[in-house]
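Because the structure is a prediction, the values reported are computed rather than measured. In what follows, residues are counted from 1 in the order of the sequence shown.
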Amino acid sequence: LYTASARGGTIARDARSRRRPRSPRPRAPGARVPRTPPAVSWLVKVAIACTGIDQVQRGFERMFREVFQRLRGDLDATLFKGGGRSGDGERRIYCLQRTGLSSLLLPLHLLAGRQRYHSECLTFGLGLHRRLVREGFELVYCIDSPLAKVLMRLRDRSNAAYKVLYVEGASLPFDFQPRADFVHHVAEPAYEDALAAGFPSGAMEYVPVGVPLDLSASPAPRRDLRAKYGVAPETFVILDVSALNRPFKRIDHLIDEAARIEGDLLLWLDGTVEEPDLVDLARERLRERVRISHVPTSDVRELYALADVMP
């Protein structure tokens, strides 16, 4: 029913999935002319949903906010998020936030032996499902795998009409990936694994994550940016923009490798600190040659412009 265009980044419904209104028959002279019906919009109503937006700032959240900002002029799109305030096309769904006190006071995740993230996705999904049905959304675009599981179960049990387009961005093994109407793979190995497991090729697509062209343009001269952030012109900067953890981002290995390099070097780690002891490890191994930050997404391109290497 739906196709994701890598070129335009739009999500469109196949025109054959809807029946267009028939042309009116000619009427005899003097016959009463009925009122003209309102114009019918063939634009798909899309919900772009990511629970962590305005709570944490990982790749998931940065990607989905960017998708919303880029596509909102071309689609009837609404951004649903788990934090911040509602307004200007964005809706907050109140839930048991992984970063808030509510999930500690009501630890539903402990009953299932899961993490606070899972109870957040469960409660977020319950609130989102009601909005999707009540407001007539046709497609929900999501990247959090627990959220996709919740939505598919609620959709099937309530016979709701919306479709789920899931982004597989975590390199999950095929057996652990959620069921969805269509899967957008951003990594080719995961796509190949799904094909090998027998998943129908017509229900998924491999489209790598795009990079906005304006992100490559330097916002200011390199020397000025380094002066702004207190980095000497001759310092060799290794920049890593990602969450700070071991299992997925292997930040501990990056710290160890950077510590082996002598000279005027700065390892700059920008992202959510998921394992606080990595901060201690980095400062112990690199001392003043490491910087840890969490800049707004809009400022990330300045870090790209002043860096020498991005692993």
Whether [X] side chain and [Y] backbone form a donor-acceptor pair below 3.5 Å:
X      : Y      : value
Asp181 : Lys163 : no
Glu275 : Arg246 : yes
Arg131 : Gly136 : no
Arg98  : Arg116 : no
Glu168 : Ala170 : yes
Thr272 : Ala243 : no
His184 : Met204 : no

Hey, any chance [X] and [Y] share a hydrophobic cluster, counting ILVMFWY side chains that come within less than 4.5 Å of each other, even indirectly?
X      : Y      : result
Leu286 : Leu244 : yes
Leu225 : Leu239 : yes
Leu303 : Val231 : yes
Leu281 : Ile238 : yes
Val300 : Met310 : yes

Taking every non-hydrogen atom, the tightest pair across [X] and [Y]:
X      : Y      : result
Gly52  : Glu120 : N-OE2, 4.2 Å
Pro208 : Tyr206 : CG-OH, 3.5 Å
Val237 : Asp308 : N-OD2, 2.8 Å

- Query: Between Ile53 and Phe60, does a side chain to side chain contact (heavy atoms under 4.5 Å, CB included) hold up when you go through it step by step?
  - Reply: CA-CA 8 Å; Ile53 291 180; Phe60 283 9; over 6 Å; no
Mind checking whether [X] and [Y] have side chains closer than 4.5 Å, heavy atoms only?
X      : Y      : result
Glu135 : Thr78  : no
Leu267 : Arg291 : no
Leu154 : Leu126 : yes
Arg155 : Leu132 : no
Ile251 : Asp240 : yes
Tyr304 : Val241 : yes
Tyr166 : Phe182 : no
Val44  : Leu75  : no

- Message: Between Thr235 and Arg289, does the side-chain hydrogen bond (donor to acceptor under 3.5 Å, both in side chains) criterion hold? Intermediate values first, please.
- Response: CA-CA 10 Å; Thr235 300; Arg289 298 196 305 158; over 6 Å; no
All side-chain hydrogen bond (donor to acceptor under 3.5 Å, both in side chains) counterparts of [X], not counting sequence neighbours:
X      : value
Asp175 : none
Arg285 : Asp256
Gln115 : none

Calculate, to the nearest 0.5 Å, the distance between atoms [atom1] and [atom2] belonging to [X] and [Y] respectively.
X      : Y      : atom1 : atom2 : value
Leu128 : Lys81  : CG    : NZ    : 14.0 Å
Glu284 : Ile255 : CD    : CD1   : 10.0 Å
Leu266 : Arg226 : CG    : CZ    : 8.5 Å
Arg179 : Leu151 : CZ    : CG    : 11.0 Å
Ser242 : Leu254 : OG    : CG    : 8.0 Å

- Message: Please determine whether side chain to side chain contact (heavy atoms under 4.5 Å, CB included) holds for the pair Leu165 and Leu139, giving the CA-CA distance in whole Å, both sets of side-chain angles, and the decisive distance to 0.1 Å.
- Response: CA-CA 7 Å; Leu165 172 54; Leu139 177 67; 3.8 Å; yes
- Can you list the residues that meet the salt bridge (charged side-chain N to carboxylate O under 4.0 Å, His left out) rule with Asp88, with sequence neighbours excluded?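 Asp88 satisfies salt bridge (charged side-chain N to carboxylate O under 4.0 Å, His left out) with Arg72 once adjacent residues are dropped.
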- Message: Just checking Phe124 against Tyr94, ring centres under 6.0 Å apart?
- Response: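 So the answer is no for these two rings.
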- Task: Before giving the answer on ring pair (Phe, Tyr, Trp, His ring centres under 6.0 Å), spell out for Phe64 and Tyr141 the whole-Å C-alpha distance, their side-chain angles and the decisive distance to 0.1 Å.
- Result: CA-CA 9 Å; Phe64 265 55; Tyr141 185 58; 5.0 Å; yes
- Item | Test applied, side chain to side chain contact (heavy atoms under 4.5 Å, CB included); reference residue, Val140; option that passes from Val164, Ile48, Leu147, Val46 |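 Option passing the side chain to side chain contact (heavy atoms under 4.5 Å, CB included) with Val140: Val164.
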Run the side-chain donor-acceptor check on residues 187-196: report pairs under 3.5 Å with partners two or more places apart or on a different chain.
none

Taking [atom1] in [X] as the centre, count heavy atoms belonging to other residues, nucleotides or ligands within less than 6.0 Å. Is the count above 12?
X      : atom1 : answer
Phe236 : CZ    : yes
Arg134 : CZ    : yes
Lys149 : NZ    : yes
Arg250 : CZ    : no

- Query: Does a side chain donor of either Asp144 or Tyr117 reach within less than 3.5 Å of an acceptor in the other side chain?
  - Reply: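 Judged by distance alone, the side chains do pair up.
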- So, Glu302 versus Tyr229: side-chain donor-acceptor pair below 3.5 Å or not?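 Checked: Glu302/Tyr229 side chains pair up, N/O donor to acceptor below 3.5 Å.
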- Message: As a quick check of understanding, evaluate side-chain hydrogen bond (donor to acceptor under 3.5 Å, both in side chains) for Gln55 and Glu61, giving each step before the final call.
- Response: CA-CA 9 Å; Gln55 293 192 76; Glu61 289 75 28; over 6 Å; no
- Under the ring pair (Phe, Tyr, Trp, His ring centres under 6.0 Å) test, residues paired with His118 that sit two or more places apart: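 Not a single residue meets the ring pair (Phe, Tyr, Trp, His ring centres under 6.0 Å) criterion with His118.
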- Task: Output, in order, the C-alpha distance, side-chain angles, deciding distance and verdict of ring pair (Phe, Tyr, Trp, His ring centres under 6.0 Å) for His129 and Tyr162.
- Result: CA-CA 10 Å; His129 172 74; Tyr162 64 81; 5.8 Å; yes
- Task: Quick one: do Arg65 and Asp54 satisfy side chain to side chain contact (heavy atoms under 4.5 Å, CB included)? Show the steps, please.
- Result: CA-CA 10 Å; Arg65 182 171 287 283; Asp54 287 343; 3.2 Å; yes
- Task: Please assess Lys228 against Arg223 for the test side chain to side chain contact (heavy atoms under 4.5 Å, CB included), listing each intermediate value before the final yes or no.
- Result: CA-CA 9 Å; Lys228 173 182 177 180; Arg223 181 179 294 273; over 6 Å; no
- Do NZ/NE/NH1/NH2 and the carboxylate oxygens of Lys45 and Glu138 come within less than 4.0 Å?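 Between Glu138 and Lys45 there is no salt bridge, as every charged N stays at least 4.0 Å from the carboxylate O atoms.
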